[in-house]
Structure formats: C-alpha cells, structure tokens
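Single-structure report; data block below.
Letters A, B, ... mirror the listed sequences (proteins, then strands); counts begin at 1.
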Protein chains: 4
Amino acid sequence: MARGINKVILVGNLGNDPDMKYTQGGMAICTLSLATTSVRKDKDGQQIEKTEWHRVKLFGKLGEIAGEYLKKGRQVYIEGSIRYDKFTGQDGVEKYFTDIVADEMQMLGGGGGGGAEGGGRDFDREERTSRPAPRQAAAPRREAAPAKSNDFGDDFADDDIPF
Amino acid sequence: MARGINKVILVGNLGNDPDMKYTQGGMAICTLSLATTSVRKDKDGQQIEKTEWHRVKLFGKLGEIAGEYLKKGRQVYIEGSIRYDKFTGQDGVEKYFTDIVADEMQMLGGGGGGGAEGGGRDFDREERTSRPAPRQAAAPRREAAPAKSNDFGDDFADDDIPF
Amino acid sequence: MARGINKVILVGNLGNDPDMKYTQGGMAICTLSLATTSVRKDKDGQQIEKTEWHRVKLFGKLGEIAGEYLKKGRQVYIEGSIRYDKFTGQDGVEKYFTDIVADEMQMLGGGGGGGAEGGGRDFDREERTSRPAPRQAAAPRREAAPAKSNDFGDDFADDDIPF
Amino acid sequence: MARGINKVILVGNLGNDPDMKYTQGGMAICTLSLATTSVRKDKDGQQIEKTEWHRVKLFGKLGEIAGEYLKKGRQVYIEGSIRYDKFTGQDGVEKYFTDIVADEMQMLGGGGGGGAEGGGRDFDREERTSRPAPRQAAAPRREAAPAKSNDFGDDFADDDIPF
DNA sequence: TTTT
DNA sequence: TTTT
C-alpha cells in the first residue's frame, strides 16, 4: 500500500571490498561503496568527469551473497531505494546520511555469476553490531531458507500457476 | 540467480476496464490495456503524437487488486518485465504476443488509493480458463495469505531486523 | 562516454510549492520537496509508514515548466540522477547534501497536463543568485530555443529518419 | 509534452554480432539481439530458466557506436522504450513486431569502455535500405556532430550553468 | 512539508 | 481503447 515510487538503478564499480557487519540476531548488513561516473563536455570541448560515490546497503541473504562474491573493482548492478537518515552525534551536531537500500543485486562482467534478489525496504531499527554472527546462529538460518517455488506468497498451490 | 535485467516502467491510462480471468485453481489473471503517448516535433515544427498500447498482465493478489480498483481511463504506474510469447493457431500460423508481466502496480492521481506489490516473473504454463474462480476455492486462498511481517524469507526472526 | 548508470525514478507528492531561483545569467533553478511513502507490516502485523523527502532540482527550461505548473500537493513523476554535495560552512563544519537532478518530469493525476524533458546531468558550477532573471536577459534566451525537429543532434537532415 | 512513461531497462548478452543497416540518407540502424535470463524455482525445487530475446534498435550515432564496439556475447546495458509495430505481408497476413528503441547504451564488463547516449524515441517513418551509407555522405555527417558543451539546448550560454 |  |  505504498504511496509513491522511490526507485534507484545503479551500475558501477566497487571502490572497496564489501564491509560486512552482523546484527546480534545474525543478520548480515553489507555496505558497498559504488562509483558511477558521468562525463560531459566542457565549454572548451574538454571531457569533464564527475564521480558519485553511493553508499549501498544490502541486508540479510542478499548481503551475505554480496559479501561472499563481490570484491573491490568489481562491476555491479544495484536496484533499490533511497533512504535519508539523520543522526545526532555526541557533540550535538546533526549528521545526515543517504543510503541506497538494495533489493536486487547482480554481478556484471562475466567473472561473477548471476544475481540475487531479496530484502524488503523498511524495517524496524535495532542496535547493530560488528561482531560476526555466531556460527551456530547464522549458519542454520541460511540453511533454513526454504526453496520457495514461487513468489505469490502462500495463497496458491504450486500447480496453480497458469504460465 | 538471474542473468540479466529485464525491467519495464510504465505510466499510462487504461483504454478499458480490466479484463479478469481465473485459472482452474482460482488464481486471478488481470489484463490491462495501457496507453503511453509520446510527442515529438515534426520537421515542420508540428506536434506528432504516437501512442503505444501495452498489454499488461497482473497475476494473483496483484491482479485481484487491479481488477477491483482500476477502471477505464484511470492513470496507473506499472513496473514489471517483458515477456514474448509465440503460439501456433489452429490454422498453423504462428502468432506472437508481447506482454508486460507486472510485479508492482500503483494507482495515480488521487482517486484510487495506494499501490500493491507482488507476483513473480516466470512460472510454469498451465491451461487458463475464463470461468470465475469458484467461491469455495478462491475465497479461502485469499484469506490464507499470511500477514508476512518482513520480506527476508524465513531465515530471520521478526525481531532480528536492524533498521 | 559515461561509466556507470546513476538513475532515479520517483513518483510522489510535493510538500511545498516549487522554490524558484535564477542564475545571474537567467537560468532557472527549481527545487522541489517530494515525498515518497512506503508501507510495511510490523512484526505485530501493524502498518508502519516511512516517508522519504527528496530534494529534487530542475534546471533551465525544465525548471521553468516545473515552476509554472507544479503546486504543493501535486503528484509528479521525476526521472534523474543522484548527486552528492559537500559544503564547508563558515563555522568550518562540513555539510552534506543529496539532490536528485531531474532530467524528466511529468505531472500526474490529470489536473496538470503533460510532461517535459530536458537538462543534462553534470555541468560547471557557478555562483547562484536568487534574483529573478532580468527580462532582457532571460526572455530572449527562452525564445531562442529552436524548434528542434529531431533529437539526433545535427548530424542528420530531418528527412533522413527511417521510422 | 509526452503523456505517460514508457521505459525499458535491460542488461543482457548479445546473441549475435550487431546487424547494421543504413538509410538512404546514411543514418545507421543497428539491431541487437539481447538475451535476458530469469531463474525461478520449480515446485520440485529445481531451477527453471527462461530466456527472453529482445530486439533492440539503435539509431544514428548511437547505432554507429554499437556497431563498432559490440560483439556477439558481449554484455550490455540498454535503456529505451517499447515500440509495437504491425506490418501486413504480401500474403495479407498481419505480422507484429516489438522493438526496444534504445536511447542509452553502455558496454559492461570492462572490455569495452564507456557508454553512449542519444537518439530520440519517435520519428517519421521512411523506407529503409540495407546498403551501407556512402562514404561521402555518412562520414562527413559523423564529423559534423558538434561538440555540444551542454544539453540544455541553445537557450543558455555555456558560462550560464550554475553547478 | 505532501498524499491516501 | 486511454488521457490532456
């Protein structure tokens, strides 16, 4: 029941290896630094380059895949939405952050393999931690991911899909 | 693990009321006829209009919402993917169809309310029927749709979401 | 010769009337405050709304059209790119801004009429001023806009277009 | 003054080398066959792949760049719009075609270099020819492409751009 | 600050 | 077949 569309599509290269963090519950939070460069011609006809560095967040299973396969320099397709955040530091100064919250990621350029999809856009906030998820917590969660046979939710049987 | 991106974004007006069909299993198939008009200037400076009529398919719950709220003339946002189909008629002639398979829909222009999301992109093909879904089959299915509290699949608990 | 894609698509409502400024040379800079609201279900099944306020910039002719036709509350489609800026205030504190630089705008919901396109993405920076463009400067510029009969640039004659 | 949005974003691989044709006036028409593959899980949990083959048209300078740099197998980003066409063959049978008319193209995966932009969406129709453009016609046209210093059209001087 |  |  959203009102409005907030959609971002990026194709760029990673400036660094993915930064992985995990919540206390073991959910992955992967942060990418992604460069997109545009070029225009100067009034003297010279090429002017401008690079934007996007901070991209991938959560959950999508973040795990990103952390496992992406590397510095790698080219990647990201689809997601823009999220603006404001924090007040201990010094009382407000700080603003803009994140791209990914809900689709695809490695480009052959080397990597396919893509991945997942992750909703807006969730409750909780303390995050940089401790890696304890094996016994995180690992079973991954394996618990069910092989969903369709994306319609639970209101259809699998043999009820007409195309 | 898709390889490639196939994404369509449309904003247009409906040429007709939605066309509703249901599978034998009771799944809704809603077909929209959606116009997008572009304008360019002629070599004589005159405005030339060109209208494309898109055949948009919405399946399952998304199709039901479309069928309930959309009407002829209504402006709508559609996000989905392109699907090309080929059928051979009884006369042996091959016929080609291009559909936009929606995975997001949003009514525009105030009158209608919010948006809806859902429906995957590619599924098995099955015979379709134009008989409305029998009450005793379809109704429970709709009600069976669980109030999913997140989109991460089943590998997180609800209280494990850090933002 | 850009390297990368930096694309934003927004559909939202204006929180205020457009803010118009003009460069010393008379170019319009229109700033919009655009809300997009997403909804998700809470772990208790309750609807949680989150609204992002996007700062959208439209330059030149596109900005003039926006300033003329858009109003507070109006629903609009915006396509553009993300631009991150950093300024150091007089207090020496760095401030960060994120803008959506529009290159397409379309009014939604009937009331307004069509759309408009224009404006490149990256240009030289120059001091901006809030004084309206002087008539004798701005007006001729607007009229000077030629009725381009195609978008291929100057390397084709008008009668050389094959479709 | 378009009414509606008709936007397609594709990332895929070429099934063949680009097919080049030229109008009598020397304008390039480049046709690509572009594959996008999506994967879903079967009801038995097996991966089901579905490949869509898009027919992408690039005109003018954009088509020339595509013809020069793209090759079979190459991965490419395409942005454009959908165009539906209907022709009646000599046998009196109507034939339907769906094209993606590109207005942006970018080579992916390192090997190729940057991207290119250009080409409007809808133009007059004219007979097309497969003869290559005569050197004396096409070559000067390419060189005649002016080094536009901005995209605002002719209504601003170059030093009138505020960012 | 919008909208439904 | 829509819409402005």
For atom CD of B:Glu49 and atom P of F:dT2, their distance in whole Å:
13 Å
Over how many whole Å does the gap from A:Ile5 atom CD1 to E:dT4 atom P extend?
16 Å
Between B:Gly63 and B:Cys30, what is the shortest heavy-atom contact and its length?
O-CB, 3.5 Å
Scan residues 8-16 of chain C against DNA chain F and write down, sorted by residue number, each residue with any heavy atom closer than 4.0 Å; if none is found, say none.
none
Between E:dT2 atom C1' and C:Ile78 atom CD1, what is the distance in whole Å?
14 Å
D:Lys86 atom NZ is separated from F:dT1 atom P, nearest whole Å, by 11 Å
E:dT3 P sits how many Å from C:Met107 CE, rounded?
17 Å
What is the minimum heavy-atom distance between D:Ile78 and D:Ala102, and which atoms define it?
CG2-CB, 4.0 Å
Check this for me: does any side-chain nitrogen of one of D:Asp99 and D:Arg55 sit under 4.0 Å from a carboxylate oxygen of the other?
yes
Tell me the interatomic distance from B:Gln75, atom CD, to F:dT2, atom P, rounded to whole angstroms.
15 Å
Distance check needed: F:dT4 C1' versus C:Arg74 CZ, whole Å only.
11 Å
Any idea which heavy atoms bring A:Asn6 and A:Ser81 closest together, and the distance?
O-CB, 3.0 Å
Note: C:Pro18 and C:Leu32 closest approach over all heavy atoms is CB-CD2, 3.8 Å
From E:dT1, E:dT4, F:dT1, nucleotide with atom closest to B:Lys72 side chain
F:dT1
By side chain to side chain contact (heavy atoms under 4.5 Å, CB included), which residues pair with B:Tyr84, not counting sequence neighbours?
B:Ile82, B:Thr98, D:Glu52, D:His54, D:Thr98, D:Ile100
No-H, no-angle donor-acceptor pair, C:Thr37 side chain to E:dT3 base, under 3.5 Å:
no
Candidate nucleotides E:dT2, F:dT3, E:dT1, ranked by approach to the side chain of C:Ala35 - the nearest:
E:dT2
Distance in Å, C:Leu34 CG paired with C:Leu70 CG, rounded so as to fall on 0.5 Å steps:
9.5 Å
Do we see B:Trp53 stacking on the base of F:dT1, given a limit of 5.5 Å between centres and 30° between planes?
yes
Whole angstrom value for the distance that separates C1' of F:dT3 from NZ of B:Lys71:
18 Å
Mind checking B:Thr51 for me? I need base, sugar-phosphate or nothing, with any heavy atom below 4.0 Å counting as a touch.
base
